[in-house]
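Note on naming: letters A, B, ... go to the chains in the order of the sequence lines (proteins, then strands), and numbering restarts at 1 for each one. In this text the structure is predicted, and so the values were computed from the model without any measurement.
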Amino acid sequence: MAKRAIAELLGGSVAIGADVTVQGWVRTRRDSKAGFSFLQLNDGSCFDSLQVVAGSGLPNYSREVLHVGSGCSIRVDGKLVESRGRGQSVELQADAVHVEGWVDDPDHYPISPKRHSFEFLREVAHLRPRTNTFGAVARVRHTLAQAIHKFFDANGYFWIHTPIITASDTEGAGELFRVSVLDAVNPPKDQSGRPDFSQDFFGREAFLTVSGQLNVEAYCLAMTKVYTFGPTFRAENSHTSRHLSEFWMIEPETAFADLHANADLAEALLKHLFRVVLEERADDMEFFEKRIDSQVVRRLRSVVDQPFERMTYSEAIRVLQGASRKFEFPVEWGADLQSEHERFLTEQHVRRPVVVTNYPKAIKPFYMRVDDGGQTVAAMDVLAPGIGEIIGGSQREERLEVLDSRFADCGIDPAHYGWYRDLRRYGTVPHAGFGLGFERTISYVTGMANVRDVIPFPRTPGSVDF
RNA sequence: UCCUCAGUAGCUCAAUGGUAGAGCAUCCGGCUGUUAACCGGAGGGUUGUAGGUUCGAGUCCUACCUGAGGAGCCA
């Protein structure tokens, strides 16, 4: 008998009357004294479960089928038939039910058929994909990842695998995870008594990457259109619903492009992603709309249908200063926008994603291009309701002398960025790029309030279980 | 790192300083082409940890641990 995914059976691609085999995990069992049991079977291939009708004539009916419960894995050979009950169009009339794996302590099986808090499910991250919510998140995450690659491929961008282990810190800020094989208890010491990293694996200090940007710029200045998509690591002691120690980031970089082209690309990318999810994962999105966030589908549609609002930092300051509400932090030109300011702009003022550009030079890193006038840089942040900053990017400083003066301003030794300076010495061109936080994107798309619940195994300060 | 809140049954939560309870889940029985099934019964507890106050602490105090929310930082 042909093995079939439940998505195929429920999707109408298998003829009524076909003999098929399905395999999966039982969600619930309901018995009828009329002589049969209903098993809700889920294999993760789609949101819905398949109803299996197992009759008392099965040789193992009373011995096994009547004891199958939530979490058991089974294989069923049977015939696909039109359902005689309401709630599903088709069901599987079982000819044989084989139990692959029992649940040995049903009383303590964590994924019982009831509502669970997300906090509890994080403690059983190895079993939570068996829930409706986390199955749906996993499928949407997959679909988004695929859509990202397809979008860039269709637009002529090459996927560049930038290194995970690096020696440099992109931002000059942000805490780094050290990569070392030195003896943690008794490391070799240098003359000043500090660990001697010249004896370490790489002969110098090494860290997990916080961004692939600098590396991907090198490939940008050879291949014109490139992007990275991989994990990044920040050892910041952040305890919020928007931060992870290990998260995934998408970073496109485009040569011969300015800030406006960069913003256009960001907008086109987000719109494409939302459109694809609405089309390809309608079943899961219906669930998120019904059970997680009633506005989520409407919000995605409005993003797809409307142009992003764009404003300069200076305009944003004027809007905030003219706002009727009070802010905890003062609004004045030169200060960075606080979370409350960003939320006001995107949630109250424009009520959809907004691109804020041209921030003061003093609050942005060295690699952002200095604008004419010298007070601002060609930076952009895309702010989204409920999430805040979902994209951060800029046109890069391509002029060597300006870059060097920025190194000086920021107190950075240019010698640490030798190869990065080379890119400005040898055939420099204007170029621009941005970073899109993958988990924040999934959070926005699904309405899931915490990024810990849109990555399979979240890593946060003090938590690296599983 | 700072601020706030919370830890009681497998889960979600009650319990005025005075005998630790309910719903769901689980198991057993009943009923039914069922589908968040329904009805009845049963089992299930070191109240996060360690101290302290008190005749008596789940409850009050101290410290610590864990979790959540927010700030900062960022994506």
Side-chain angles (χ1 to χ4, degrees), chain A residues 27-41 48-55 66-67 69-71 81-88 91 93 103-124 127 131-132 170-171 173-175 210-213 231-251 266 291 328-329 336-340 342-343 363-365 381-384 387-393 434-444 449-453 455 460-463 465:
Chain A
R27 288 287 177 83
T28 62
R29 186 193 84 241
R30 295 178 298 274
D31 303 319
S32 168
K33 274 298 178 290
F36 41 85
S37 296
F38 301 99
L39 301 172
Q40 288 300 134
L41 191 66
D48 287 317
S49 299
L50 175 71
Q51 175 160 286
V52 174
V53 184
L66 281 180
H67 300 285
S70 299
V81 299
E82 285 184 25
S83 179
R84 290 166 52 191
R86 274 173 293 190
Q88 60 279 316
E91 63 191 21
Q93 190 69 46
V103 170
D104 62 27
D105 56 342
D107 189 36
H108 290 75
Y109 177 60
I111 313 300
S112 52
K114 68 180 290 293
R115 289 187 66 86
H116 301 283
S117 68
F118 293 142
E119 289 83 357
F120 167 71
L121 290 172
R122 278 172 218 148
E123 297 172 8
V124 288
L127 296 171
T131 64
N132 282 335
T170 300
E171 307 281 341
E175 297 295 319
V210 297
S211 165
Q213 179 198 318
T232 52
F233 308 87
R234 308 264 170 107
E236 286 153 10
N237 197 11
S238 300
H239 298 266
T240 81
S241 59
R242 307 178 306 282
H243 289 86
L244 293 164
S245 306
E246 175 182 295
F247 66 99
W248 288 61
M249 192 153 60
I250 298 96
E251 297 174 284
R291 290 296 168 85
E328 186 184 343
F329 290 89
D336 206 354
L337 298 181
Q338 303 293 316
S339 289
E340 58 173 344
E342 295 181 345
R343 295 183 77 105
I363 59 173
K364 289 294 181 182
D381 282 354
V382 178
L383 311 177
I387 304 290
E389 184 180 345
I390 193 172
I391 283 178
F434 60 82
L436 169 66
F438 192 42
E439 283 73 23
R440 290 185 181 177
T441 304
I442 302 168
S443 182
Y444 185 78
N450 195 313
V451 291
R452 296 178 183 104
D453 298 324
I455 190 168
T460 52
S463 175
D465 297 330

Nearest to the side chain of [X], which nucleotide is it out of [options]?
{"X": "A/Gln93", "options": "B/G33, B/G67, B/U32", "answer": "B/G33"}
{"X": "A/Gln338", "options": "B/G33, B/U12, B/G72", "answer": "B/G72"}
{"X": "A/Asn237", "options": "B/U1, B/G67, B/C11", "answer": "B/U1"}
{"X": "A/Asp107", "options": "B/A25, B/G33, B/A68", "answer": "B/A25"}
{"X": "A/Pro113", "options": "B/G33, B/U26, B/U32", "answer": "B/U26"}
{"X": "A/Pro106", "options": "B/C27, B/C28, B/G72", "answer": "B/C27"}

[N] versus [M] - spacing of their [atom1] atoms, nearest Å:
{"N": "B/U8", "M": "B/G67", "atom1": "P", "answer": "14 Å"}
{"N": "B/C3", "M": "B/C64", "atom1": "P", "answer": "12 Å"}
{"N": "B/U12", "M": "B/A50", "atom1": "C1'", "answer": "28 Å"}
{"N": "B/G18", "M": "B/U4", "atom1": "P", "answer": "28 Å"}
{"N": "B/U46", "M": "B/A42", "atom1": "C1'", "answer": "24 Å"}
{"N": "B/A37", "M": "B/G69", "atom1": "C1'", "answer": "37 Å"}
{"N": "B/C73", "M": "B/U49", "atom1": "P", "answer": "38 Å"}
{"N": "B/A68", "M": "B/G30", "atom1": "P", "answer": "45 Å"}

So for [X] and [N], does any side-chain atom that can act as donor or acceptor lie under 3.5 Å from a complementary atom in the base?
{"X": "A/Glu119", "N": "B/G69", "value": "no"}
{"X": "A/Gln88", "N": "B/U34", "value": "yes"}
{"X": "A/His243", "N": "B/C74", "value": "yes"}

Starting from [atom2] on [N], measure out to [atom1] on [X] and report it in whole angstrom.
{"X": "A/Leu66", "N": "B/C31", "atom1": "CG", "atom2": "P", "answer": "14 Å"}
{"X": "A/Leu127", "N": "B/C11", "atom1": "CG", "atom2": "P", "answer": "13 Å"}
{"X": "A/Phe120", "N": "B/G10", "atom1": "CZ", "atom2": "C1'", "answer": "7 Å"}
{"X": "A/Leu337", "N": "B/C74", "atom1": "CG", "atom2": "C1'", "answer": "13 Å"}
{"X": "A/Asp381", "N": "B/C73", "atom1": "CG", "atom2": "C1'", "answer": "13 Å"}
{"X": "A/His116", "N": "B/C24", "atom1": "NE2", "atom2": "P", "answer": "15 Å"}
{"X": "A/Lys33", "N": "B/C28", "atom1": "NZ", "atom2": "C1'", "answer": "11 Å"}
{"X": "A/Glu236", "N": "B/C74", "atom1": "CD", "atom2": "P", "answer": "8 Å"}

Please compare A/Pro461 and A/Ser117 by the position of their nearest nucleotide in RNA chain B and report the one closer to 5'.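 First, find each residue's nearest nucleotide; the 5'-ward one identifies A/Ser117.
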
5'-most by nearest nucleotide on RNA chain B - A/Leu244 or A/Ser70: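 First, find each residue's nearest nucleotide; the 5'-ward one identifies A/Ser70.
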
Any chance you could measure [X], atom [atom1], to [Y], atom [atom2], to the nearest 0.5 Å?
{"X": "A/Arg27", "Y": "A/Leu41", "atom1": "CZ", "atom2": "CG", "value": "9.5 Å"}
{"X": "A/Thr240", "Y": "A/Arg452", "atom1": "OG1", "atom2": "CZ", "value": "7.0 Å"}
{"X": "A/Glu389", "Y": "A/Asp381", "atom1": "CD", "atom2": "CG", "value": "4.0 Å"}
{"X": "A/Thr232", "Y": "A/Glu251", "atom1": "OG1", "atom2": "CD", "value": "7.0 Å"}
{"X": "A/Ser339", "Y": "A/Leu383", "atom1": "OG", "atom2": "CG", "value": "10.0 Å"}
{"X": "A/Glu175", "Y": "A/Asn237", "atom1": "CD", "atom2": "CG", "value": "9.5 Å"}

With heavy atoms under 4.0 Å as the rule, sort [X] into base, sugar-phosphate or nothing.
{"X": "A/Pro110", "value": "nothing"}
{"X": "A/Tyr109", "value": "nothing"}
{"X": "A/Gly85", "value": "base"}
{"X": "A/Arg343", "value": "nothing"}
{"X": "A/Phe247", "value": "base"}
{"X": "A/Ser83", "value": "base"}
{"X": "A/Arg242", "value": "base"}
{"X": "A/Glu91", "value": "base"}
{"X": "A/Gln51", "value": "base"}

When you measure from the side-chain N and O atoms of [X] to the phosphate of [N], is any distance below 4.0 Å, counting only OP1 and OP2?
{"X": "A/Ser339", "N": "B/A71", "result": "yes"}
{"X": "A/Arg452", "N": "B/G69", "result": "yes"}
{"X": "A/Arg27", "N": "B/A36", "result": "no"}
{"X": "A/Ser112", "N": "B/C24", "result": "no"}
{"X": "A/Asn450", "N": "B/G69", "result": "yes"}

Decide, yes or no, whether a salt bridge links A/Arg29 with A/Asp31 under the criterion of side-chain N to carboxylate O below 4.0 Å.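 Looking at A/Asp31 together with A/Arg29, the answer is yes, because their closest N to O distance falls below 4.0 Å.
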
Would you please test A/Trp248 and A/Ile455 for side chain to side chain contact (heavy atoms under 4.5 Å, CB included) and show each step? CA-CA 9 Å; A/Trp248 288 61; A/Ile455 190 168; 4.3 Å; yes

RNA chain B: stems of at least 3 consecutive Watson-Crick or G-U pairs, cut-off 3.5 Å?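 The stems are B:1-7 with B:65-71, B:10-13 with B:21-24, B:26-30 with B:38-42, B:48-52 with B:60-64.
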
Polar side-chain atom of A/Arg234 near backbone of A/Val210 as donor-acceptor pair, under 3.5 Å: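 Here the side-chain-to-backbone pair exists.
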
Donor-acceptor under 3.5 Å (A/Glu340 side chain, A/Glu328 main chain):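 Yes, the answer is positive, given that a donor and an acceptor are paired below the 3.5 Å cut-off.
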
With side chain to side chain contact (heavy atoms under 4.5 Å, CB included) as the test, would you mind laying out the steps for A/Ile111 and A/Leu121 before giving the verdict? CA-CA 8 Å; A/Ile111 313 300; A/Leu121 290 172; 3.8 Å; yes

